[in-house]
Amino acid sequence: MQRFQLLIPLLCCLAALGLACQDTAATTGAAAASKDWWETAQFYQIYPRSFKDSNGDGIGDLNGITSELEYLKDLGVTAAWLSPIFKSPMVDFGYDISDFYDIQPEYGTLDDFRALIKRANELGIKIILDFVPNHSSDENVWFKKSVARERGYEDYYVWHDGRLNSSTGKREPPSNWLQAFRGSAWQWVEERQQYYLHQFAVQQPDLNYRNPAVVEQMKRVLRYWLNEGVAGFRCDAVPVLFEVQPDAQGQYPDEEVSGLTDDVDNRSYLKSELIENLPETIDMAYQWRTVMDDYQRIHGGDTRVLLIETYAPPAYTMQFYGNRSVEGAHLPFNFNLITVPASSGFSAKSVKTAVDNWLLTMPAGRVANWVIGNHDQRRAASRYGVAHTDAMNMLVMLLPGASVTYQGEELGMTDGWISWADTKDPAACNSNSETYEQFTRDPSRTPFHWSSGANAGFSTASQTWLPLAENYKTLNVEVESAAAHSHLQIYKSLVALRRSSKTLQWGATKYAVLNEQVFVVKRSLAGSPSFVYVANLGESAAVTVNLSEFDKSLPSLLTLRIRSIDSSKAENSLYESNGLSLAAGEALVLSSN
Ligand code: GLC
């Protein structure tokens with residue numbers, strides 16, 4: 001339950017030069033209460049296909065995950081979110097589910113899943129599943145029954161006759177809507193003589209949320225996996241759950257052209273005002289939250305969480321949190337650190353904008369979260385630049401709230417290169433050999449690097465489902481664990497600091513851009529040491545910063561606690577806050593004592 005009596009308004013005051021922003025109120029009162037587990041959690045996303053293969057078929061599986069849960073424990077992870085593990089023809093690698101109540105045989109069995117949960121419980125790691133509410137696979141029995149108009153399933157999906165083109169006299173799709181993986185969002189079915197809607201691949205028909213039976217079925221899915229002991233769900237592609245309804249003539253309206261691209265098959269060719277971010281969707285998230293809360297009330301145990309995937313505008317995204325009268329998602333994912341640099345370039349300024357976008361719009365009393373990568377994006381180290389790997393891992397752990405790691409970010413894994421012949425992602429396969437690299441999500445899905453051995457210790461197969469990234473011999477768990485200083489060691493120090501520090505869990509947050517290329521964050525809590533994160537996010541120039549320009553209350557000497565991989569400074573040594581030199585890419589976590 002959100003504790004409204006403790007709501008602390010997020011106050012932001014622009015300090016000197018309009019650069020610094022301070023959440024002043026967190027120091028007051030709040031430290032008296034306790035935090036629920038998810039509020040400061042370290043979430044870790046596992047892409048099961050690429051994490052660990054236990055049976056030598058080149059594909060990761062549940063037993064592989066179970067065998068490496070101790071690795072997660074060692075990292076300090078609170079909860080692992082597994083991308084879909086359910087029965088699927090794997091057109092969209094598990095996001096096309098043919099049976100929501102069973103495990104994909106390639107990944108194992110329900111008993112394997114139970115063994116995974118048991119081991120995770122023993123280690124104190126929570127398991128979160130991916131809930132894919134918007135669509136099923138076209139191989140799902142619900143869809144087959146719907147095609148056949150079987151009683152009770154007629155309207156399980158979004159069906160329409162299409163419209164007649166008055167000049168050609170031919171039948172055409174009901175509207176101009178486009179799917180995420182290129183081309184029309186409507187598919188004709190000969191047997192039923194109607195089109196169905198699919199916001200993703202043709203093989204991913206959209207479920208019809210205007211049908212109460214569908215709403216109930218999907219709540220059943222949630223309860224089923226809660227009964228298997230999961231700690232919550234990451235809800236997939238939520239903003240596309242509902243579309244506008246047909247008009248009085250029974251026709252769907254067309255989307256307007258966006259002007260963003262000339263590529264007529266690309267979804268961004270059109271605006272997405274009729275097929276995304278509808279108010280009905282927000283209410284559905286509130287209903288799922290009720291399922292979570294009711295379950296906990298009846299069965300006890302820790303809070304079951306809802307994390308929502310949404311790349312929507314802030315005003316829409318923030319509604320997922322709920323409001324004064326209703327609870328929503330515990331955490332709608334905050335993708336600003338991905339999307340803002342993607343549109344305006346990576347810089348201290350864009351990082352500040354990304355942080356502002358969340359902290360200045362989040363409703364009072366809610367919990368922030370920070371995400372820098374996932375299986376749909378190029379890898380963080382490749383996007384921000386390898387030199388900024390530690391800076392970004394530090395940032396997401398120094399900012400207030402929960403933090404989410406995509407597998408491999410702790411190692412600084414970069415994108416693998418995948419040839420057109422090896423390409424698997426439908427988003428790329430629907431394009432061509434010339435353009436696929438603009439669309440492909442395969443590069444961030446290459447197998448995890450466990451060691452320098454064959455297939456990076458991921459699998460004993462002669463071939464893995466996707467090729468490995470080339471740099472696995474130097475960038476892997478084995479090498480980085482043995483090294484004195486590595487991305488992995490830095491990551492572990494950060495998690496440990498976050499878990500042990502009251503300041504990082506409870507403290508006020510202040511941040512600014514200094515010298516154009518340095519981003520600085522201060523976390524402070526009365527009676528506890530303050531922490532300062534300072535990172536030179538520039539490409540080549542070293543700079544010297546005067547931290548008192550940012551915060552006059554900082555002591556003249558700060559202790560270095562954690563440093564980025566190439567930093568030549570020494571941990572536990574004192575550094576002048578008024579003349580702190582930072583090489584390009586250097587990032588530090590310092591403390592007031
Ligand atoms: C989400 C998933 C993505 C998938 C899509 C359709 O965006 O993260 O991988 O392709 O939904 O389910």
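Just so you know, ligand 1 is whichever comes first in the structure, and atom 1 is the first atom listed for that ligand.
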Nearest 0.5 Å please: distance from the OH atom of Y295 over to the CZ atom of R304. 6.0 Å

Check: [X] ring centroid to [Y] ring centroid under 6.0 Å:
X: W186; Y: Y252; value: yes
X: F100; Y: W225; value: no
X: W159; Y: Y196; value: yes
X: Y95; Y: H375; value: yes
X: W370; Y: F43; value: no

So which heavy atom in the protein is nearest [atom], and how far is it from that ligand atom?
atom: atom 4 (C) of ligand 1; value: D92 OD2, 3.3 Å
atom: atom 5 (C) of ligand 1; value: F200 CE2, 3.6 Å
atom: atom 9 (O) of ligand 1; value: D376 OD1, 2.6 Å
atom: atom 11 (O) of ligand 1; value: D236 OD1, 2.8 Å

With heavy atoms only and a cut-off of under 4.0 Å, state how Q377 meets ligand 1: side chain, backbone, both or neither. neither

Just to be sure I read this right, does ligand 1 sit under 4.0 Å from the backbone of R445, its side chain, both, or neither, counting only heavy atoms?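 Only the side chain of R445 comes within reach of ligand 1.
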
Close side-chain approach of Q42 and M397, heavy atoms under 4.5 Å: yes

For Q199 and ligand 1, answer yes if some heavy atom of the residue is under 4.0 Å from a ligand atom, otherwise no.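 Not so, Q199 does not reach ligand 1.
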
Could you list the atoms of ligand 1 found under 4.0 angstrom from a heavy atom of [X]?
X: H135; answer: 6 (C), 12 (O)
X: F181; answer: 10 (O)
X: A237; answer: 11 (O)
X: R441; answer: 3 (C), 4 (C), 9 (O), 10 (O)

Is R223 salt-bridged to E216, cutoff N-O under 4.0 Å?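 Salt bridge between R223 and E216, a charged N being under 4.0 Å from a carboxylate O: yes.
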
